[in-house]
2 protein chains.
Amino acid sequence: MSQTVDRALRILPLLAEGPANLEQVATRLDVHKSTALRLLRTLHEHGMVYRQDDQRYRLGARLFALAQEAMENLDVRGIAHPHLVALNELTGHTVHLAVYEEGEVVYIDKVESRYPVRMYSRIGRPVAITVAAVAKLLLADLPEAERRAVARTLEYPRYTARSTTDPAAHLAELARVREQGWASDLGGHEESINCVAAPIRGADGRVAAACSISAPNVVVSAEELLRLRPRVQHTAEAISREYSGRPSEGTR
Amino acid sequence: MSQTVDRALRILPLLAEGPANLEQVATRLDVHKSTALRLLRTLHEHGMVYRQDDQRYRLGARLFALAQEAMENLDVRGIAHPHLVALNELTGHTVHLAVYEEGEVVYIDKVESRYPVRMYSRIGRPVAITVAAVAKLLLADLPEAERRAVARTLEYPRYTARSTTDPAAHLAELARVREQGWASDLGGHEESINCVAAPIRGADGRVAAACSISAPNVVVSAEELLRLRPRVQHTAEAISREYSGRPSEGTR
DNA sequence: ACGGGCGTTGCACATATTGCAACGACTCCG
DNA sequence: CGGAGTCGTTGCAATATGTGCAACGCCCGT
């Protein structure tokens with residue numbers, strides 16, 4: 001809608017691929033060098049891009065800070081976090097929290113016990129939307145129309161032999177998940193990894209987020225993991241209660 | 001430099017504080033509603049903002065994805081990570097990796113062993129630049145002029161009784177740090193936390209990043225932590241070697 | 001049914017953005 | 001040492017682009 005802003009924003013993903021100099025940016029934007037320069041300057045003033053020693057541009061630190069701040073201000077996340085930690089301490093497995101947003105599902109929190117290594121690496125990243133247990137729950141609760149629309153738009157990569165690979169199967173799975181009120185992913189994303197997820201609902205009853213525990217086969221079998229489902233659901237319910245604004249849960 | 005882009009970018013930190021509706025955005029930008037609308041629409045198209053159910057705007061998922069991608073493309077980080085993990089396994093303490101960027105020092109990686117809780121919370125965030133051990137190393141290596149300029153610009157919050165609180169003392173400390181080739185922060189940021197840091201140098205000999213280990217007094221005393229300094233330096237040197245492009249280190 | 005609040009649209013105006021061309025810094029190579 | 005080439009930067013004139021206005025429409029509460 002706004003040409004100038006549009007052009008400026010197109011620079012960011014371009015730089016995300018790697019550093020680029022003025023001319024490369026101008027070429028890829030298909031604008032004059034002077035135009036690209038002014039856009040980059042403006043982005044620079046806001047700390048969105050950074051100019052390294054060789055004069056090439058990179059994405060800037062402000063971008064990280066913004067993403068951080070935004071994540072911390074997600075109200076579900078703040079409420080959920082302690083519960084996720086508790087679930088992690090209880091089960092010892094990796095715990096995820098995810099939300100749906102405009103055709104994507106993103107992890108907004110993660111607690112990992114055994115290997116803190118690269119823990120951040122997936123927070124903020126879109127998840128494998130066709131197979132992840134949390135994604136199933138979030139998609140399953142969308143209004144009929146949107147759900148179908150999304151299912152049609154998606155690509156269905158065959159991560160493993162157990163991946164869902166077409167819209168029809170996907171929609172069927174979503175229906176099943178909505179029925180049973182929880183979801184699992186048994187080796188659909190990575191052969192040796194299983195997950196169990198439960199929905200977190202807001203005051204209106206809609207699914208606002210989903211949490212899951214994940215573990216590789218080498219640690220626990222799928223059956224053992226599924227046996228932990230009540231714990232996951234219990235956690236999700238506790239978060240739901242608090243999130244939907246019932247500070248203390250009465251005796252009913 | 002570019003008014004339109006400038007206005008659009010001013011929206012982002014504003015939304016980082018929390019969701020806002022059209023009128024609030026327009027008011028805080030001091031522009032007409034219609035203008036704000038068009039800016040928000042453009043941001044929306046790029047996924048930088050998200051419109052929640054109540055029509056208010058939030059920062060969008062693309063922002064997270066961009067920040068992620070940018071971090072992963074930082075070449076120092078990729079190289080350093082395994083070394084940081086090794087250092088963590090060796091010492092058991094929290095390990096940080098930080099870089100300097102335009103007047104700020106930001107953590108770009110972190111490995112924490114004992115409490116994976118909230119691990120992400122500081123990655124991407126500006127660090128306490130006047131006191132953190134890694135910040136001292138990064139600032140100490142700046143060209144004289146820039147170092148003085150930065151020192152003059154900084155604020156010097158008195159985090160604790162041991163914080164550096166004026167530019168002169170800070171510059172003196174930086175000189176000392178540059179001399180000795182490593183840095184520490186003993187309770188300067190938080191009373192009970194100590195850090196030891198070592199510089200990571202690029203092919204040109206300039207300090208490209210810095211890594212540190214941190215631990216609270218209750219776990220190890222400052223003296224014990226300082227005794228681990230050789231390990232930190234060893235790690236930093238290993239990263240430096242690899243980063244400056246010497247794949248295998250010969251026998252010299 | 002009515003009023004107020006808020007988002008949205010179309011339009012005329014002029015301001016801010018654009019591309020150009022010329023300049024300057026720097027590097028490479030003969 | 002000098003000249004050609006590359007790439008970033010600047011000032012400027014033309015106009016495309018963004019702006020504010022006013023009117024409209026939608027939703028919600030009373």
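What you are looking at is a predicted structure, and each value in this text was computed from that prediction instead of being measured. In what follows, every heavy atom counts, from backbone to side chain, and hydrogens, waters and symmetry copies are set aside. Chain naming here is simple, since letters A, B, ... match the order of the sequence lines and numbering starts at 1 in each.
Here the shortest heavy-atom pairing between B:A133 and B:A183 reads O-CB, 3.5 Å.
Among the nucleotides D:dC21, C:dC6, C:dC20, the one closest to the side chain of B:E23 is C:dC6. The side chain of B:Q55 approaches C:dG7 more closely than any other nucleotide in the set C:dG7, D:dG18, C:dG19. Among the nucleotides C:dG19, D:dG8, D:dT19, the one closest to the side chain of B:T4 is D:dT19. Nearest nucleotide to the B:Y57 side chain, out of D:dG8, C:dT18, C:dT8: C:dT8. Here the nucleotide nearest the side chain of A:V31, chosen from D:dT19, C:dG19, D:dT10, is C:dG19.
Annotation for B:Q180: atom CD counts as buried by contact number, over 12 foreign heavy atoms lying within 6.0 Å. Other residues, nucleotides and ligands contribute only 12 or fewer heavy atoms inside 6.0 Å of the CZ atom of A:R148. More than 12 heavy atoms of other residues, nucleotides or ligands lie within 6.0 Å of CD in B:Q52, so this atom counts as buried by the packing criterion.
In this structure, B:L39 places its CG atom 14 Å from P of C:dT8, rounding to the nearest Å. Going from atom CG of B:L37 over to atom C1' of C:dT8 covers 7 Å, rounded to whole Å. As a whole-Å value, the separation of A:M1 CE from D:dT17 P is 13 Å. The interatomic distance linking A:D30 (CG) with C:dT18 (C1') rounds to 13 Å, in whole Å. Taking atom CZ on A:R41 and atom P on C:dT18, their separation rounds to 14 Å, with Å as the unit. Put simply, CD on A:Q3 is 8 Å from C1' on C:dT17, counting in whole angstrom units.
Counting any heavy atom pair closer than 4.0 Å across all strands shown, A:S34 reaches a base atom. Nucleic acid contact for A:R56: none, since no nucleic acid atom lies under 4.0 Å from a heavy atom of the residue.
Place A:N21 and B:K33 on DNA chain D by their nearest nucleotides, and A:N21 ends up nearer the 5' end. Toward the 5' end of DNA chain D, the nearer of the two residues A:R7 and A:R51, judged by each one's closest nucleotide, is A:R51.
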CA sep, side-chain torsions, deciding dist, call: A:Y100, A:E146, side chain to side chain donor-acceptor pair (under 3.5 Å): CA-CA 12 Å; A:Y100 170 81; A:E146 191 175 355; 3.1 Å; yes

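The shortest distance between the side-chain N/O atoms of B:H32 and the OP1/OP2 oxygens of D:dC21 is below 4.0 Å. Taking 4.0 angstrom as the limit, A:R38 places none of its side-chain polar atoms (N or O) nearer than this to OP1 or OP2 of C:dT17.
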